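Please read these numbers as outputs of a predicted model, since none were measured by experiment. First the proteins, then the strands, lettered A, B, ... as listed; each starts at 1.
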Amino acid sequence: MSTMSITIAADGVSQQRVTDTTTTGLDLFGDDPTIVAVRVNGELRDLNRTLPEDAMVEPVKINSPQGLDILRHSTAHVAAQAVQSLHQKAKLGIGPPIKDGFYYDFDVADPFTPDDLREIERVMTKIIKERQRFQRRPVTDEEARAELAGEPYKLELIADKSSAAADEEASAEVGAGELTIYDNVRRDGSIAWKDLCRGPHVPHTGYIPAFALTRNSAAYWRGDQNNNQLQRLYGTAWPSRDELKAYETRLAEAGKRDHRKLGAELDLYSFPDEIGSGLAVFHPKGGLLRKIMEDYSRQRHIEAGYEFVNTPHISKAELFKISGHLGFYGDLMYPPMHVDEERHADGSLKRQGQDYYLKPMNCPMHCLIFRSRGRSYRELPLRLFEFGSVYRYELSGVVHGLTRVRGMTQDDAHIYCTVDQMQDELISLLQFVLDLLTDYGLTDFYLELSTRDPEKSIGSDEDWERATDALRNAAAASGLDLVLDPGGAAFYAPKISVQARDAIGRSWQMSTIQVDLMLPDRFDLEITAPDGSRQRPVMIHRALFGSVERFIGVLVEHYAGAFPPWLAPVQVIGIPVAGEHNAYLLNVADRLRAAGVRVEVDTSDDRMQKKIRNAERAKVPYILIAGGEDAATNAVSFRYRDRRQKNGVPIDAAIDEITGDIAARRQV
RNA sequence: GCUGGCGUGGCGCAAUCGGUAGCGCAGCUGUCUUGUAAACAGCAGGUUACGAGUUCGAGUCUCGUCGCCAGCUCCA
């Protein structure tokens, strides 16, 4: 038996070993069920494959990102085997790992029911108990086609393998090089199931400690609406029962902060059916929150040199023909209102009517303001700002609470500047955006740069390059992480979006900054340059909140409804120990109100305990309680949202504390 | 838009095989009110989303419309 030398790198320590040439990862790490694969010279491999000469071998832990992917991908195979054993005619789609889990797509006659899911889980548990080995087997294209003759979707993947355009998800199945099939082998050596797959996988199904099927839904084959709709089975898998449970708890926690639920509980807004899908109304407390946000935003925009404009909600069709919106996005606009048409008694046309549209964007109107008179280079950069209400006929299936609506108010601005000013303008703009978002309590950001899709864009290469470079430089100046989104730009403009992570780690696309390469031309915008020549200005679109509605939705979820005092609709609620202390607290409230604090006193017939409960449920930042002891010493007692209390605080000190927190925009 | 699930007072829920709608909270009225998460009693509130159909009889079954939820697709 010949030997070879390998290097094992584990826990930051490298160690050389001489082993025989048949050594596998399992020989090295097989005793440890938390090691699910190996990285051999940087490449992920199954534990049961023989290691090559001079290999650098690293164990892949089950709780590492790649380890979790392997675990979940393997679980997807188990799910698919279970489905095919229960539904013989089910055809396989693809089954990749995703964040926190996996899915597998199937072409089945009938969609899965909740009962089906339970049954599939039961069979999966059985498969896991059988400890079926995942056995890798390289095959030629012809062999793969022969073996998978009954799997039309797999055949399609094989056929596409050679074409470089194999999409990312499909690559999990076929990869770039040779094709491999993974057999699931029972302990008696019989093959239970097989799937075309690049791998790697855990050594056997017993390596799956905890899993659950979570939901099912429809999904288009390869994500294309024109293709067949498959049934997608979603599941999750974790290194332990406890981690699975923690994941389920996390989901439940996220559900509790759902802004649709909290909006009703906190009496902020609602979505009356009578008005229509995706159209919110803001109740007094929500309206106040909105006003506070808008007021602060306006103040910051004044300081940053913006000018305030105002434009109508509707316009004749002509405007959106000029801007191109009607041509490019007409399907997503509300249909027109046809007005002014008159006919003769015989039905023939007497007066031609007009089509008016609800505006889906503010920019065309801002361009008209720019164009309303001759503009000098001296006016640039010209920054036009508006809280502009726009309406978009979003597909019914995508409307979602405040985060995807059909009517919304953008904090929209368009900046007109020269090509030379563009770079500095973008850098200061991005800083402005980040500062403002930080003030609202979002502090963890990264940026995404969406670049040109050559297939689907207008404008010259030079313009795109210059604009994209300017955005990239602005991103670099911010020092934040930049994620590339190649080809993700709209057809007329590259874009930077600010992604913010919320209190429980989810990211939301907040602000967007776009350099528009279309509208200045379409509206024939011009400035007079120092030499008297006419020049085309650069136009930058930007929205910080995106929309006020959506931003409120995100903030509600970020804070779980417990707003920092400066944003809280009610900042202080006074609770008397008994009715006879009402007058004392009302007086304290007057003094707070004089200091600019939004304060209420609960003078209802409820008991104090009930009032505290109500105030806590309303997530009011400060509860001020006062009874005989406080009144005797001109004091109040604080109860905070975390149930801390601070008793016997002199009234002046209480006012100072509250106004101090508000002024500093501190969370308490 | 597509696939699936769902729609019962303001909110959260119940109603067996198709037999004629109940409960809690909130609301209103009254009696209460002393120290940090629900006082007590009474009253009122529903054409079971809307429309059609099957049936002696529909919250329950069928069809259509509207809306909601999950996912897909989309998001200027």
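- Regarding A/R392, its CZ atom lies at a distance of 17 Å from the P atom of B/rC74, rounded to whole Å.
- On the C1' atoms, B/rU36 is 33 Å away from B/rA44, given to the nearest whole Å.
- Between the CG atom of A/N227 and the C1' atom of B/rU3 there is a distance of 15 Å, given to the nearest Å.
- Comparing the same atom, P, in B/rG30 and in B/rC13 gives a spacing of 33 Å after rounding to whole Å.
- Across the strands present, B/rU62 finds its partner in B/rA52; the criterion is a Watson-Crick or G-U wobble pair with both atom distances under 3.5 angstrom.
- Note: CZ (A/F491) to C1' (B/rC75) measures 14 Å, nearest angstrom.
- When each of A/E394 and A/D630 is assigned the nucleotide of RNA chain B with its nearest heavy atom, A/D630 is the one assigned upstream, toward the 5' end.
- At least one donor-acceptor pair under 3.5 Å links the side chain of A/N227 to the backbone N or O of A/W221.
- Counting non-hydrogen atoms under 4.0 angstrom, A/H541 reaches nothing in the nucleic acid.
- Set against B/rA76, B/rU33, B/rG71, the side chain of A/A578 has B/rU33 as its closest nucleotide.
- Listed by residue number, A/D273, A/S277 are the residues of residues 270-277 of chain A with a heavy-atom contact under 4.0 Å to RNA chain B.
- Among the atoms of the strands shown, base atoms are found under 4.0 Å from some heavy atom of A/D605.
- The residue A/R260 sits close only to the backbone: its heavy atoms come under 4.0 Å of sugar-phosphate atoms, none of a base.
- Within 4.0 Å (heavy atoms only), A/A218 reaches at least one base atom of the nucleic acid.
- Within 4.0 Å of A/Q231, counting heavy atoms only, lie sugar-phosphate atoms of the nucleic acid but no base atom.
- Between B/rC32 and B/rA38, the distance separating the two C1' atoms is 15 Å to the nearest Å.
- Distance alone, capped at 3.5 Å, places no donor-acceptor pair between the A/R542 side chain and the A/I513 backbone.
- The side chain of A/R215 lies closest to B/rA70 when the candidates are B/rG4, B/rG35, B/rA70.
- Judged by Watson-Crick or G-U wobble contacts below 3.5 Å, the nucleotide B/rG22 has B/rC13 as its partner.
- Remark: the separation of the C1' atoms in B/rG12 and B/rU16 is 23 Å, to the nearest Å.
- Within a heavy-atom distance below 4.0 Å of RNA chain B, the residues of residues 607-625 of chain A found are A/R607, A/M608, A/Q609, A/K610, A/I612, A/R613, A/E616, A/I625.
- Heavy atoms from other residues, nucleotides or ligands lying under 6.0 Å from OH of A/Y329 number more than 12.
- Taking atom C1' on both B/rG53 and B/rG46, the two are 24 Å apart, rounded to the nearest angstrom.
- Between A/H283 and A/S270, the side chains place a donor N or O and an acceptor N or O closer than 3.5 Å (distance only, hydrogens not considered).
- Taking the charged nitrogens against the carboxylate oxygens, A/K316 and A/D355 have no contact shorter than 4.0 Å, which rules out a salt bridge.
- Ranking B/rA76, B/rU73, B/rG35 by closeness to the A/V398 side chain, first place goes to B/rU73.
- The residue A/L332 sits close to a base: some heavy atom pair falls under 4.0 Å.
- In this structure, B/rG57 forms no base pair with any nucleotide, since neither Watson-Crick nor G-U wobble geometry is met with both distances under 3.5 Å.
- Checked options A/T214, A/L233, A/I98; the residue passing with A/Y103 is A/I98 (criterion: side chain to side chain contact (heavy atoms under 4.5 Å, CB included)).
- Across A/I623 and A/A615, no two heavy atoms sit closer than the pair CD1-CB, 3.7 Å.
- What you find for A/M518 and A/S323 is that their closest heavy atoms are CE-O, 3.5 Å.
- A/Y234 comes within contact range of the sugar-phosphate backbone alone, with a heavy-atom separation under 4.0 Å but no base atom that close.
- Across B/rA49 and B/rU60, the matching P atoms stand 8 Å from one another, rounded to whole Å.
- Annotation for A/D224: atom CG counts as buried by contact number, over 12 foreign heavy atoms lying within 6.0 Å.
- Base contact: A/Y329 has a heavy atom under 4.0 Å from a base atom.
- Distance noted for atom P between B/rU20 and B/rC25: 26 Å (whole Å).
- Where A/Q514 and A/S396 each meet RNA chain B at their nearest nucleotide, the meeting point lying more 5' is that of A/S396.
- Nearest heavy-atom pair, A/Q410 versus A/N362, reported as atom, atom and distance to 0.1 Å: OE1-ND2, 3.2 Å.
- Few gaps surround NZ on A/K646; more than 12 heavy atoms of other groups in view lie less than 6.0 Å from it.
- In this structure, B/rU31 forms a base pair with B/rA39, meeting either the Watson-Crick or the G-U wobble geometry with both donor-acceptor distances under 3.5 Å.
- Summarising the base pairing, B/rG4 is matched to B/rC69 through a Watson-Crick or G-U wobble pair whose two defining distances lie under 3.5 Å.
- Between B/rC68 and A/H400, no contact under 4.0 Å exists linking OP1 or OP2 to a side-chain N or O.
- Atom-to-atom, CZ of A/R404 to P of B/rC74 comes out at 11 Å; the value is rounded to the nearest Å.
- Going from atom CD of A/Q645 over to atom C1' of B/rG35 covers 9 Å, rounded to whole Å.
- At whole-Å resolution of the value, CG in A/D107 and P in B/rC2 are 19 Å apart.
- As a whole-Å value, the separation of A/L395 CG from B/rG67 P is 13 Å.
- A/H87 is linked by a ring-ring contact (aromatic ring centres under 6.0 Å, His included) to A/F112, counting only residues two or more places apart in sequence or in another chain.
- Going from atom CG of A/D412 over to atom C1' of B/rA76 covers 11 Å, rounded to whole Å.
- Contacts of A/P576 with the nucleic acid, taken as non-hydrogen atoms under 4.0 Å apart, are absent.
- Using a 4.0 Å heavy-atom distance criterion, A/D224 is classed as making no nucleic acid contact.
- Side-chain contact annotation: A/D100 with A/T236, donor-acceptor N/O pair under 3.5 Å absent.
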